[in-house]
Amino acid sequence: MEENVPHKRSEFNKGTWTGEEDRKLAEVIAVQGARRWKTIANIAGLNRCGKSCRLRWMNYLRPNIKRGNITDQEEDLILRLHKLLGNRWSLIAGRLPGRTDNEIKNYWNSHLSKKVNQNEKQCGASARQGCKAQKRLAENAKEQVREENTSAGCEDSNMGFDVDEFFDFSNEEWVSRFLQV
DNA sequence: AACAACCTCAACCGCATCAGA
DNA sequence: GTCTGATGCGGTTGAGGTTGT
């Protein structure tokens with residue numbers, strides 16, 4: 001049907017990965033490491049773009065990936081983090097070992113967004129404003145930390161610190177307190 | 001049993017940022 | 001300082017599965 005249409009887009013395979021493709025990709029990454037995805041795709045003989053290979057590895061083939069069965073604790077943490085950070089899926093995923101940003105994003109869109117919408121309807125407009133204010137507050141706080149970090153970091157390396165470390169949610173009490181503000 | 005409507009999630013796309021030449 | 005390719009991120013799509021009628 002489309003054989004005579006020389007679309008640049010049809011250059012690569014698309015769609016679901018086969019077991020064979022997964023195996024080839026994992027083999028090459030074991031040797032080359034998870035970088036230079038274009039090269040990896042070539043070496044593996046996969047007719048896939050580098051992006052596609054990276055995504056496949058990050059979301060499925062990487063070791064220590066947890067799949068399915070998001071626990072109540074994880075769900076609660078996602079809700080809290082989302083309240084705090086918004087749609088920063090990679091940041092949220094970073095706080096949930098073994099979970100990927102894509103999985104969390106999907107879980108949010110299919111499960112949690114509905115829950116949140118229902119809750120918001122119950123809480124009413126005032127609560128919504130509160131949520132927005134919290135989000136703004138968090139964004140401002142983080143931005144401020146970043147700015148301070150950059151400017152201070154230039155002059156005094158002791159002052160420099162990782163923003164992600166600063167926002168370490170492993171201490172849930174901190175998050176609770178922050179959300180109460 | 002057949003079909004439609006809905007849901008889930010793997011994968012793609014476009015854009016922004018980073019890093020090296 | 002600029003260019004270019006690589007990487008990362010979030011939004012979106014669509015195929016396949018499930019549920020309802």
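Small disclaimer: the values here were computed from a predicted structure and weren't measured. Below, chains carry the letters A, B, ... as their sequence lines are ordered, and counting in each starts from 1.
- Closest approach of A/L81 and A/R95 over heavy atoms only: CD1-CB, 3.7 Å.
- For A/T16, the side-chain contact (heavy atoms from CB on, under 4.5 Å) test picks out no residue, with sequence neighbours left out.
- The phosphate of B/dC9 has neither OP1 nor OP2 within less than 4.0 Å of any side-chain N or O from A/R67.
- Residues that satisfy the salt bridge (charged side-chain N to carboxylate O under 4.0 Å, His left out) test with A/E103, not counting sequence neighbours, are A/R99.
- The line from CD1 of A/I104 to CG of A/N87 is 12.0 Å long, rounded to the nearest 0.5 Å.
- Of the residues in residues 100-109 of chain A, those placing a heavy atom less than 4.0 Å from an atom of DNA chain C are A/K105, A/N109, in numerical order.
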Output side-chain donor-acceptor pairs under 3.5 Å for residues 25-46 of chain A, partner residues at least two apart or in another chain, one line each.
from: A/E27; atom 1: OE2; to: A/R23; atom 2: NH1; distance (Å): 2.6
from: A/N42; atom 1: ND2; to: A/K38; atom 2: O; distance (Å): 3.4

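- Rounded to the nearest 0.5 Å, atoms CG (A/N102) and CH2 (A/W89) are 11.0 Å apart.
- Taking every heavy atom of residues 31-39 of chain A and every atom of DNA chain B, no pair lies under 4.0 Å.
- Each of A/T18 and A/S110 was assigned the nucleotide of DNA chain B with the nearest heavy atom; the assignment lying further toward the 5' end belongs to A/S110.
- Atom CG of A/N87 and atom P of B/dC15 are 19 Å apart (whole Å).
- Partners of A/Y107 by ring-ring contact (aromatic ring centres under 6.0 Å, His included), not counting sequence neighbours, listed by chain and number: A/H111.
- A distance of 9.0 Å separates CD in A/E21 from CG in A/N47, rounded to the nearest 0.5 Å.
- How far CG of A/D72 is from CD of A/E75: 6.5 Å, rounded to the nearest 0.5 Å.
- Interface residues of residues 49-62 of chain A facing DNA chain B, ordered by number: A/K51, A/S52, A/L55, A/R56, A/Y60; criterion, heavy-atom separation under 4.0 Å.
- To the nearest 0.5 Å, the span separating CG on A/L112 from CD1 on A/I70 amounts to 7.5 Å.
- Once rounded to the nearest 0.5 Å, the distance linking CG of A/D101 with CG of A/N59 reads 6.0 Å.
- Applying the salt bridge (Lys or Arg N to Asp or Glu O under 4.0 Å) rule to pairs touching residues 53-65 of chain A yields A/D22-A/R56, sequence neighbours excluded.
- Considering only residues two or more places apart in sequence or on other chains, A/W17 meets the side chain to side chain donor-acceptor pair (under 3.5 Å) condition with A/S52.
- The outermost nucleotides of DNA chain C lying under 4.0 Å from heavy atoms of chain A, listed 5' to 3', are C/dA6 to C/dT12.
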